[in-house]
Number of protein chains: 2
Amino acid sequence: MPTTSDADLLRAHEMRATTPRLAVLSALRKTKYPMSAHDVAKAVRTKKVDMVTTYRTLESFKTAGIVTQVELQRGRAYYELSEGRKDHHHIVCINCDTVEDFTGCDYDALVKKALRQTVGFSSVTHHSLELFGMCTPCSKK
Amino acid sequence: MPTTSDADLLRAHEMRATTPRLAVLSALRKTKYPMSAHDVAKAVRTKKVDMVTTYRTLESFKTAGIVTQVELQRGRAYYELSEGRKDHHHIVCINCDTVEDFTGCDYDALVKKALRQTVGFSSVTHHSLELFGMCTPCSKK
DNA sequence: GTACTATTTGCAACTTATTTGCAAGTACAA
DNA sequence: TTGTACTTGCAAATAAGTTGCAAATAGTAC
Ligand SMILES: [Mn+2]
Ligand SMILES: [Mn+2]
Ligand SMILES: [Zn+2]
Ligand SMILES: [Zn+2]
């Protein structure tokens with residue numbers, strides 16, 4: 001029995017399994033850091049995937065929940081596969097752009113606390129949390 | 001004894017008290033929500049402040065610590081006065097863009113937890129946390 | 001008040017990220 | 001194998017923010 005292929009993953013989200021989409025998926029799988037549209041485009045350039053297609057693909061993956069958009073405050077969008085990685089966040093070096101994951105934001109307690117405080121909100125659908133600082137190599141200099 | 005004026009605030013940060021800067025400060029004071037560069041520009045348009053000046057002013061205020069930049073995931077930068085508001089965060093309606101403040105992210109514990117988990121990081125300088133959901137009016141429909 | 005100078009501003013042009021329109025190409029159900 | 005709805009590529013358009021530079025001005029020194 002073959003493990004579910006990327007083509008099946010796409011079809012499970014009612015998307016056709018096209019060459020550009022499979023290439024983008026594969027690129028995202030190979031990288032452990034979040035990727036920008038340009039990072040992805042560079043990774044799939046051998047397949048001659050247009051930049052616009054890269055943008056559209058990432059957007060549709062996001063809508064489908066295949067990728068999660070990450071806010072790294074670099075003036076562009078970053079994405080990583082949603083698969084497997086639940087509620088983790090990122091610590092980012094403001095000097096060299098290194099990124100590491102961490103977990104433990106205690107989402108449920110946070111949401112409860114926030115909803116108790118606010119007057120006009122009744123539900124939370126998602127959240128964004130990132131830490132910015134210096135990686136050890138960068139802080140030694 | 002007069003309360004410290006905005007002009008003095010600017011001079012305290014070695015900035016000249018110019019008409020555009022005073023206008024931007026005043027606009028930020030009047031609004032309780034974070035403002036984008038366009039929001040600010042609109043608010044000071046009677047003073048004929050150029051858009052570029054608005055951008056430059058907000059940037060210099062940020063560097064001086066007069067404003068704090070807020071990430072609302074709307075593809076542009078938002079700012080609010082730093083003054084007084086310590087470590088609070090925002091809950092944002094994904095439907096109508098309403099924003100409310102909340103506090104209680106337990107920053108110190110979070111940083112400690114994150115630094116214990118990561119291998120390559122030694123310090124955290126700032127963080128970003130926001131919740132996204134539906135405000136009560138928007139969820140009733 | 002007047003003059004001086006370093007800052008700051010406005011305007012035009014530029015860059016970068018992302019979006020849109022549309023004709024041509026292709027996955028896949030039949 | 002065919003038909004068609006979904007996708008793609010290319011060109012052009014937006015949108016946010018930046019840069020260069022000459023003209024304007026705040027703060028300081030007479
Ligand atoms: Mn991650
Ligand atoms: Mn706030
Ligand atoms: Zn670093
Ligand atoms: Zn709402």
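The structure displayed is predicted, hence computed values, not measured ones. Here is how names work: the chains are called A, B, and so on, in the same order as the sequence lines, proteins then strands, and each is numbered from 1.
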- Message: With rounding to the nearest 0.5 angstrom, report the CD1 to CZ distance, A:Ile66 to A:Arg21.
- Response: 9.0 Å
- Steps toward side chain to side chain contact (heavy atoms under 4.5 Å, CB included) verdict (B:Glu130, B:Ser128): CA-CA 7 Å; B:Glu130 36 278 320; B:Ser128 167; 2.9 Å; yes
- Would you say the side chain of B:Arg56 and the base of D:dG17 hold a donor-acceptor pair, judged only by whether the two atoms sit under 3.5 Å apart? no
Where do N or O atoms of nucleotides 27-30 of chain C meet protein N or O atoms at under 3.5 Å, pair by pair?
from: C:dA27; atom 1: N3; to: A:Arg16; atom 2: NH1; distance (Å): 3.2
from: C:dC28; atom 1: OP1; to: A:Arg11; atom 2: NE; distance (Å): 2.9
from: C:dC28; atom 1: OP1; to: A:Ala17; atom 2: N; distance (Å): 3.1
from: C:dC28; atom 1: OP2; to: A:Arg11; atom 2: NH2; distance (Å): 3.4

- Verify side-chain hydrogen bond (donor to acceptor under 3.5 Å, both in side chains) between A:Thr136 and A:Lys140, making sure each step is shown before the conclusion. CA-CA 6 Å; A:Thr136 313; A:Lys140 292 179 183 159; over 6 Å; no
Give a yes or no answer on whether the side chain of [X] reaches the backbone of [Y] with a donor-acceptor pair at less than 3.5 Å.
| X | Y | result |
| --- | --- | --- |
| B:Ser82 | B:Gly65 | yes |
| A:Ser60 | A:Thr57 | yes |
| B:Arg76 | B:His38 | no |
| A:Glu71 | B:Glu71 | no |
| A:Thr54 | A:Ala37 | no |
| A:Gln69 | A:Lys62 | no |
| A:His89 | A:Leu129 | yes |

Over how many whole Å does the gap from [X] atom [atom1] to [N] atom [atom2] extend?
| X | N | atom1 | atom2 | answer |
| --- | --- | --- | --- | --- |
| A:His13 | D:dT7 | NE2 | P | 14 Å |
| B:Leu25 | C:dT8 | CG | C1' | 15 Å |
| A:Leu58 | C:dA17 | CG | P | 14 Å |
| B:Gln73 | C:dT18 | CD | C1' | 16 Å |
| B:Met51 | C:dG10 | CE | P | 12 Å |
| A:Leu22 | D:dT8 | CG | P | 10 Å |
| A:Asp50 | C:dC22 | CG | C1' | 14 Å |

- Message: It should be established whether B:Arg21 places a side-chain nitrogen or oxygen under 4.0 Å from OP1 or OP2 of nucleotide C:dT8.
- Response: yes
Identify each atom pair where a protein N or O and an N or O of nucleotides 13-16 of chain D are less than 3.5 Å apart, giving names and distance.
from: D:dA16; atom 1: OP1; to: B:Arg76; atom 2: NE; distance (Å): 3.4

Under 3.5 Å, N/O pairs linking protein and nucleotides 1-3 of chain C:
none

- Does a salt bridge link A:Arg11 with A:Asp8, judged by any charged N lying under 4.0 Å from a carboxylate O? yes
